[in-house]
Structure formats: C-alpha cells, structure tokens
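The structure under discussion appears below in the form of structure tokens.
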Amino acid sequence: MRNGLDKDLIARVLGAEPKWTIAELEAKFPPRDLPDGAFVTRFAPSPTGFMHIGNLYSMLIDYKLASQSGGVFMLRIEDTDTKREVEGAVDLVKNAIRDFGFKYNNDEIYGPYFQSQRKDIYRSVAAELLARGLAYPCFLTADEMEEIRVKQNAAGFATGIYGEWARDRDLTADEIIAHLDNGEVPTIRLYSTGDPNKRIFCKDAVRGSISFPENNEDLVLIKSNDGLPTYHFAHLCDDHFMRTTHVVRGEEWLPSLPLHYQLFNMMGWTPPIYIHTATLDKIDAETGKQRKMSKRKDPENNLAFFLAGGWPTEALIEYLGNILAPGYEEAKLKGAVKTFWDYEMKPKKIPMSGGLFDMKKLEWWAKEYIGAMPVADLVTAVTNWANEYGTDENKMQVADAKYLSAVLGIERDNPKRVRKDFITWKQTLENVAFFWDKLFVPAIDYEYNRDVLRAFLETYDPADDKDTWWNKIVAIAEKTGIKNGDVAMNLRVALAGRTNTPDLYSIMSVMGGDMVRGRIGRVLNG
RNA sequence: GGUCCCAUCGUCUAGCGGUUAGGACAUCGGAUUCUCAUUCCGGUAACAUGGGUUCGAUUCCCAUUGGGACUGCCA
C-alpha cells in the first residue's frame, strides 16, 4: 500500500470530483428484494455491430437461469471502447434479443445500463481506491510502455506494469502535481499488493475451486483517453452495484479471475458467482483441425446468418439449450418436458470442455421443431421470413396464404407421421417451389412413357377420392403393362419435375385439375 | 516462455470405485410405402498414454501427450 491521495489531488487526477461516497452508492443501489435463490444475471455485449453464436450461447444461460429462478435478467451495454464502437450496434443487439424471444428487465434504479453513462460511479469508486492508496495515477506513455516491454522480453521477464517496472506507483503528491501541471492526463492503475509466490483460490460454479498465483500487475482501472473504465474495473463496479449474483462469461476470462477477486476483496465486497463457459469450436475446412469459431471465416458464427437463412430461432435455442443443460433432449424425447424452458438448467452441469458446433444436429432440431408445428404457425413463420429476408419469388409464394397453407399442409395431418424435410423457412419454400407455375422447372431429360400420361388424362377426374384415383392408376398399369410405381413416377415427374415428392394424390389435390392437366399436357405436346 | 482450463463412440453427452460403458445426431443395414420423407426394428463405433492409490479404476492422484485460453489504456 502507498500513501493515499488527498481530496483535491484525487479530483485533479480524475478530472472531476467524485460524485458519491461508497456509502452513498450502497444506498443508491440497494440489495434487490427477490426470493431466495433468485438469479440476477446480465447479458453484457460490446456494441461491435456483430452478434455471434457465443453471445447467444451465454445469453441463453443468463436468461434461462434468471427466468427459471424468478430472478432478473439485464442488458448492459459495454461501450467503453470508443474505438471499436459501431453505429446501430445497440439496435442489432436489441433486435437479436427480441428475435430469440428473450426479455430483459432493466430496472431504472440500477441504471444507467450503458457503461459510458456510468462515469460518475466509476470515478467515485476509483476515488475511494486512490484515497486508500490502493490505486495511483500513472503517466507512462505508450512509447515508454513499449520500451519496458522490450526490456522485459529481452531479459525473459513477464511483460506488464508491475513491481519495479511500475515507474509511477510510488510517485509523491508533488511529483503527481508536476505531471499534471505539465498537462499530462494519467491512467488510474491498481496498486497491486499481490504476491505471485502466494496463491489465491477462486471459485467457478462449473469447475469448482481454481487456484492462481496472486496478481501483481498494476492493471489499468481507468483509461486516460476518455476517462472510461477497463472491463475489469467496470465489472467490479457494475456487477456489484447492479447486484448481479451470477456472472456468465467466456472462459477467456478465467485468467483474470484472480484480478477480479483481488478487486472485490479490496472493496470488501462479495464477488458474484462466476460461470465460465467453454468456447464453441468448429473443424477448419482447410486444416482439418479444431478451432474457435471465427468471425471472419465462419458465416455461421454470425447470428444474422441464421436469421437471414430462415432458421427457426427456437431450433437454435433447443440445440444450444441441450448442450447447456445436458439431459434436456432425453427428457423431451421421453415426453417429460415440452420445450427447453420447461427443463431445469443446473449451473454445475454446464459443460466445461469446448464443443464443436454441429450443423447436422441443428438441422435435426429444426426438422423436429418444424415438424411439430401446426400448419397455421408454419405458414405465419414462413411468410414473416419471406417478407423480411426473402427474394421476390419467395414473397410471391407467400402472397396467397390459403394456397401456401394447402401446400405446406401436405402430409401433416397425422402428428405421428409428419414429413420432416423442412429445415429452414427458406429451404421450405425452395422445397415446394414446383407448386407455382413460375417457379416450376420441368424435367426435360426424363424419358416419359407418353402412353401412360395419355391414359391418365383420359380417365382423370379431380373430384375422385383417393381410392378411386388409385384404382385408375392400377388400371393404367395393367393396360400399359408396367408397374403401378412406374405409372406414378411418370406422373410425379411430369407434375413436380423431380422423382422425390410427397404423396402424389395430395399434390394433385392441392394443384387442382387445371394445373395437373396443364403440366401433363405440356409433356405430351412438348 | 509464463499462467490457467479441458480430455468417454465421427459429433454432443450420461456415468460421480464394481455397468454387457447408456442416450441422441450422423452413418450402415432391414421392414413399411406409388418415389422421397416419415415410422418401426437392428448394426458399426468411445473411456488419449504411462504411472500410482485401491481387492477393484472410465471414475481419485501425479506425469506425459493433445487441444484451447490469457499474457493490451479490447472486451
């Protein structure tokens, strides 16, 4: 510990008087009045203009834990890096939260929820640390720090500002004033008293107790360029005063856990319970090796990819949810629960090893999800997607809701035996495109048996019920001397332009007599 | 280099000292069907390696190997 700074110097060093004392802040942000066991969590993205799978992954834990426990889920914007900020990024975040059906509850009294608007809070806490000699102003320039780094590397020491290398940590008040008078703006650094030869024990809800060497780095608490806090300091102040009970974050934060414990200990505050999640990986197509999902290389890392591609958001939730709450899938298959929201997530069971993102399994969840949807809901979902993301052709397909409903309703009447060939809203429309004359692509290379087609036209009556219709097919088969299936196949290809389709009779019923006659006639005349 | 995390079928996992190591996806057969999709039945497939501890290790401990993260006035 060093000598604390006096009030006036603290104000000069911070650029403004601290607005509150710690006691005032404690009163301003009182403990939350919630039932025992309620989780208070937050999703805290940086507004970088990009929402990735990892964001959804951790937000799902936050939201689920809060909602299942009767707690609170907050949205906090971590806009402390003015250089990386992107316009419109906050709306992107909010839209994603809405699209996935999450609701956040930003109670005014714990706000504001933009870190850029919480300067007074950070300044007040920093003032306390400065007064107690647990933080100090540092006037090191970027160039000077680079010099230090070079020296440390050459000598084989760990890089960073610590101990002997921390030039300004024991500056006297007069020396500080001299720097200030010189027009220099300091960063506020932690005055670390940690001893790397001792160990600190930290807790993680998934991994249990983890020990690290104590932190001895004088990390930056408040940056000089804009007076905003670093992640570490913001985390301390915000999660304490927002009364967060559980901090869910990526495992890349594990190494800074000793620092965070140190910070909370210095303030005499209880740290939140940490849940560090493993990263979502994929196999690199070029190297064949497993690696973290990359923003640049992997389009499927971007949530916009799934939204634009028409993936049901619920399928993504079910897929990720099953990873985060192992056993959900089994419970669902057994009928014990209906959706992920009915299944209890246990923090301890959240996996700690990195997982591969499995598109095949996602497809399976999507098929299951769509397969279980009532036709009306399917039509709505597909229509909404087409109108927002679809092509003009897609929009045309959804224009007649009644026809679309008939098309999508094929083989969906028996809930035990629904078709599961719909994966995304987009792919659904592509799958059934042949039902529209404009989109129909005839199979020009197919070798039709024209006798069969002519014979069909002779006896075809759109009003026939299925048995009558089938008996006519059988009769044609006998007459022309080919198999029933071959007769059906000729009709199928003539109508749909392909060899794989749902039930033929249903197709004809939906198409209607004119379209059926038209397409068969087209083959015969063409 | 230093610190830390992780390790069960191809993938995601169950297992918490004694199991024929279970499930799901994928895959491969078979049955059903006018094709496809469904549905049903069945198969292939895993405890990274080496030491301990123990009567007994997938399970506990330690190494090794492999993968990952961090080591910024970015989060």
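A, B, ... follow the sequence lines: proteins, then strands. Residue 1 opens every chain. Both backbone and side-chain heavy atoms feed into the values below; hydrogens, waters and symmetry mates do not.
- In this structure, rC40(B) forms a base pair with rG30(B), meeting either the Watson-Crick or the G-U wobble geometry with both donor-acceptor distances under 3.5 Å.
- Using a 4.5 Å cut-off on side-chain heavy atoms (C-beta onward), Phe435(A) and Leu404(A) make no contact.
- Using atom C1' as the reference point in both rC40(B) and rC4(B), the two lie 50 Å apart (nearest Å).
- A donor-acceptor contact under 3.5 angstrom links the side-chain atoms of Arg492(A) to the base of rC34(B).
- A sub-4.0 Å separation between OP1 or OP2 of rA37(B) and a side-chain N or O of Lys416(A) is absent.
- Rounded to a whole Å, the CZ atom of Arg412(A) is 16 Å from the C1' atom of rU39(B).
- Dashed line: the shortest gap from a side-chain N or O of Arg417(A) to OP1 or OP2 of rU32(B) is not under 4.0 Å.
- Using a 30° and 60° split on the angle between ring planes, Tyr274(A) and His260(A) fall in the parallel class, below 30°.
- For the C1' atoms, the distance linking rA7(B) with rA63(B) amounts to 15 Å, nearest Å.
- Of the candidate nucleotides rC36(B), rC73(B), rU3(B), rU3(B) has the atom lying nearest to any side-chain atom of Phe212(A).
- Across all strands shown, rC6(B) is found opposite rG66(B) as a Watson-Crick or G-U wobble partner, with both distances under 3.5 Å.
- Nucleotides rG43(B) and rU8(B) are separated by 25 Å at their P atoms, to the nearest Å.
- Going from atom CG of Asp413(A) over to atom P of rU38(B) covers 17 Å, rounded to whole Å.
- With P as the reference atom, rA37(B) and rA26(B) are 12 Å apart, rounded to whole Å.
- A ring-centre distance under 6.0 Å is not found for Phe440(A) and Phe434(A).
- Between Thr230(A) and Ile222(A) there is no side-chain heavy-atom pair separated by less than 4.5 Å.
- For rG15(B) and rA46(B), the C1' atoms lie 13 Å apart once the distance is rounded to whole Å.
- Among the atoms of the strands shown, none is found under 4.0 Å from any heavy atom of Pro45(A).
- Judged by distance alone, with hydrogens and angles left aside, the side-chain atoms of Thr141(A) form a donor-acceptor pair with the main-chain N or O of Glu144(A) at under 3.5 Å.
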(request) Take nucleotides 25-30 of chain B nucleotide by nucleotide from the 5' end and write B, S or -, depending on whether a protein heavy atom sits under 4.0 Å from the base, only from the sugar-phosphate, or from neither. (result) S-----

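- Across the protein-nucleic acid pair, Asp226(A) atom CG and rG72(B) atom C1' stand 15 Å apart, rounded to whole Å.
- Under a cutoff of 6.0 Å and an axis angle of 45°, Lys472(A) and Trp469(A) do not form a cation-pi pair.
- Across all strands shown, the partner of rG1(B) is rU71(B), judged by Watson-Crick or G-U wobble contacts whose two distances both fall under 3.5 Å.
- Counting to the nearest Å, the P atom of rC6(B) and the CG atom of Leu356(A) are 19 Å from each other.
- For the pair Tyr136(A) OH and rC73(B) P, the computed distance is 12 Å after rounding to whole Å.
- The base of rC36(B) lies outside donor-acceptor range of the side chain of Thr499(A), with no N or O pair under 3.5 Å.
- Here rC4(B) is the nucleotide among rC12(B), rC4(B), rG72(B) with the atom lying nearest to any side-chain atom of Arg199(A).
- A donor-acceptor pair is defined here as one N or O able to donate and one able to accept, closer than 3.5 Å; such a pair exists between the side chain of Lys119(A) and the backbone of Asp226(A).
- Ile275(A) has its CD1 atom 18 Å from the P atom of rC5(B), to the nearest Å.
- Residue Arg207(A) places none of its side-chain N or O atoms closer than 4.0 Å to OP1 or OP2 of rA7(B).
- Using a 4.0 Å heavy-atom cutoff across all strands shown, Ser224(A) reaches at least one base atom of the nucleic acid.
- Ring-centre distance between Phe357(A) and Tyr319(A): below the 6.0 Å cut-off.
- The C1' atoms of rG17(B) and rG29(B) are separated by 38 Å, rounded to the nearest whole Å.
- Remark: the separation of the P atoms in rG52(B) and rA45(B) is 31 Å, to the nearest Å.
- The two residues Ile410(A) and Arg419(A) come nearest to each other via the heavy atoms O-CD, 4.0 Å.
- Listed nucleotides rC36(B), rC34(B), rC70(B) differ in distance to Trp470(A); the shortest reach to its side chain belongs to rC34(B).
- In this structure, Thr459(A) and Asp464(A) approach most closely via the heavy-atom pair O-OD2, 4.4 Å.
- The phosphate of rG72(B) has OP1 or OP2 within less than 4.0 Å of a side-chain N or O from Thr159(A).
- Nearest nucleotide to the side chain of Thr80(A), out of rA37(B), rU3(B), rA75(B): rA75(B).
- Looking at the side chain of Lys420(A), the nearest of the listed nucleotides rU35(B), rA37(B), rC70(B) is rA37(B).
- In this structure, Trp253(A) atom CH2 and rC6(B) atom C1' are separated by 20 Å, rounded to whole Å.
- Remark: P of rC4(B) and OH of Tyr274(A) are 19 Å apart, rounded to the nearest angstrom.
- In this model, the phosphate group of rA75(B) is not approached by any side-chain N or O of Thr230(A) to a distance below 4.0 Å at OP1 or OP2.
- rU19(B) sits 25 Å from rU13(B) when the P atoms are compared, rounded to a whole Å.
- You won't find any donor-acceptor pair under 3.5 Å spanning the side chain of Arg498(A) and the base of rC36(B), going by distance alone.
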